[in-house]
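Please read the structure below before turning to the comments.
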Amino acid sequence: MSKFTDQQYLKNDQYRDASNLDVRVELHRRFSTNSYGWFPWIFDTLVTLPNPARVLELGSGPGHLWKECIDRIPDGWSITLSDMSDGMVDAARHNMTAAGCAFTYEQIDAQSIPYPNETFGIVIANFMLYHVPDRPRALQEIHRVLKPGGYFVAATAGQGHLDELNRWLKKVNSITDFVPFNSPFTLDNGLEQIMPIFQNIEINRYDDNLRVTEIEPLMAYIFSTIKAKEISESALAETRQGLEAILSEKGEIFITKDSGLFLAVK
């Protein structure tokens with residue numbers, strides 16, 4: 001099984017706590033060319049959805065979406081944040097309780113959502129469906145717990161996301177089938193996965209890139225990824241040298257971003 005969908009590895013290692021995810025969010029926060037911000041952009045879609053509503057986020061991590069947009073949360077929403085990782089649930093509870101939010105928090109596997117049929121008006125999956133081993137089952141579960149006319153918001157990356165970084169890591173890795181950030185659910189292949197279950201699906205892309213001007217945050221990002229442990233120390237050192245050369249020559253390291261969301265109606 002790929003580590004990308006290995007639930008035990010994801011719960012006990014990669015997402016044992018919020019540290020790896022926090023590193024990645026920080027790189028995008030500091031060096032993205034679109035100053036509006038990824039989380040506010042997602043919220044632009046969310047605030048057009050019904051209010052009052054019962055809302056479930058699957059794979060919420062430490063609650064970044066809600067923490068950054070706390071002033072925009074509709075008063076009529078009853079919100080449940082969930083993750084398969086106990087550590088992430090604890091981090092979300094800590095962050096949002098400190099912010100004064102009366103949310104519900106649960107450890108949930110998206111493949112088996114422990115709620116009755118037609119419970120929620122909105123279900124959100126932000127950059128997490130590619131970690132689900134049985135996505136058809138998870139999508140059926142999401143459909144089941146949504147009310148008729150309810151909304152499903154699924155954010156993910158496109159095929160070209162972080163393309164330059166992927167190519168740099170591929171170049172220095174000796175494993176012939178190494179794929180740095182292979183995603184089984186993207187903006188390019190996700191529609192065909194959602195269509196058998198949902199109708200009235202929109203795709204919206206977020207216009208953004210990275211212009212990185214410091215090495216350390218970028219190397220921290222690389223070290224935080226699932227595939228980093230498969231790369232030798234010498235190869236990572238070679239990657240650093242190559243990135244330092246680019247930064248010295250151009251004054252920045254440009255990295256393509258390709259991300260967006262699906263909005264579907266039950």
[atom1]-[atom2] distance between [X] and [Y], expressed to the nearest 0.5 angstrom:
X	Y	atom1	atom2	result
I42	L65	CD1	CG	5.5 Å
D109	M84	CG	CE	8.5 Å
R211	K250	CZ	NZ	10.5 Å

Determine yes or no for a side-chain-to-main-chain donor-acceptor pair under 3.5 angstrom, with [X] supplying the side chain and [Y] the backbone.
X	Y	answer
Q111	R137	no
Q7	H131	yes
T186	Q159	no
S248	E244	no
S82	I108	no
D13	Y9	no
D258	A157	no
K266	H143	yes
Q107	S85	no

Using the test side chain to side chain donor-acceptor pair (under 3.5 Å), find all partners of E68 that sit at least two apart in sequence or belong to another chain. none
Using the test side chain to side chain donor-acceptor pair (under 3.5 Å), find all partners of D207 that sit at least two apart in sequence or belong to another chain. none
Can you name the nearest heavy-atom pair linking [X] to [Y], along with the distance?
X	Y	answer
M88	Y15	CE-CD2, 3.5 Å
G260	W38	O-CH2, 3.6 Å
D83	G61	OD2-N, 2.9 Å
F43	W66	CZ-CZ3, 3.7 Å
V212	L247	O-CD1, 3.9 Å

Run the salt-bridge test on E106 and R93 with the 4.0 Å N-O cut-off and return the result as yes or no. no
Under a 3.5 Å threshold, yes or no: a donor from one side chain and an acceptor from the other, between D17 and S19? yes
We want to know whether D208 and S32 form a side-chain donor-acceptor pair, criterion being a heavy-atom distance below 3.5 angstrom. yes
Step by step, work out the side chain to side chain donor-acceptor pair (under 3.5 Å) result for N95 and H64. CA-CA 9 Å; N95 287 338; H64 285 135; 5.8 Å; no
Walk me through whether R240 and E216 qualify under salt bridge (Lys or Arg N to Asp or Glu O under 4.0 Å). CA-CA 9 Å; R240 176 190 285 271; E216 293 307 324; 2.8 Å; yes
Honestly curious: do I215 and Y221 fall in one hydrophobic cluster under the side-chain, below-4.5 Å linking rule? yes
Treating Ile, Leu, Val, Met, Phe, Trp and Tyr as nodes and any side-chain heavy-atom pair under 4.5 angstrom as an edge, say whether L243 and F254 lie in one connected cluster. no
Is there a side chain to side chain contact (heavy atoms under 4.5 Å, CB included) between F262 and T156? Walk through the geometry before answering. CA-CA 8 Å; F262 297 99; T156 190; 4.1 Å; yes
Going by atom type alone, with no hydrogens or angles, which donor-acceptor pairs under 3.5 Å involve a side-chain atom of residues 72-79 and a protein atom two or more places apart or on another chain?
residue: R72; atom: NH1; partner: P40; partner atom: O; Å: 3.2
residue: R72; atom: NH1; partner: D44; partner atom: OD1; Å: 3.2
residue: R72; atom: NH2; partner: D44; partner atom: OD1; Å: 2.7
residue: W77; atom: NE1; partner: P50; partner atom: O; Å: 2.9

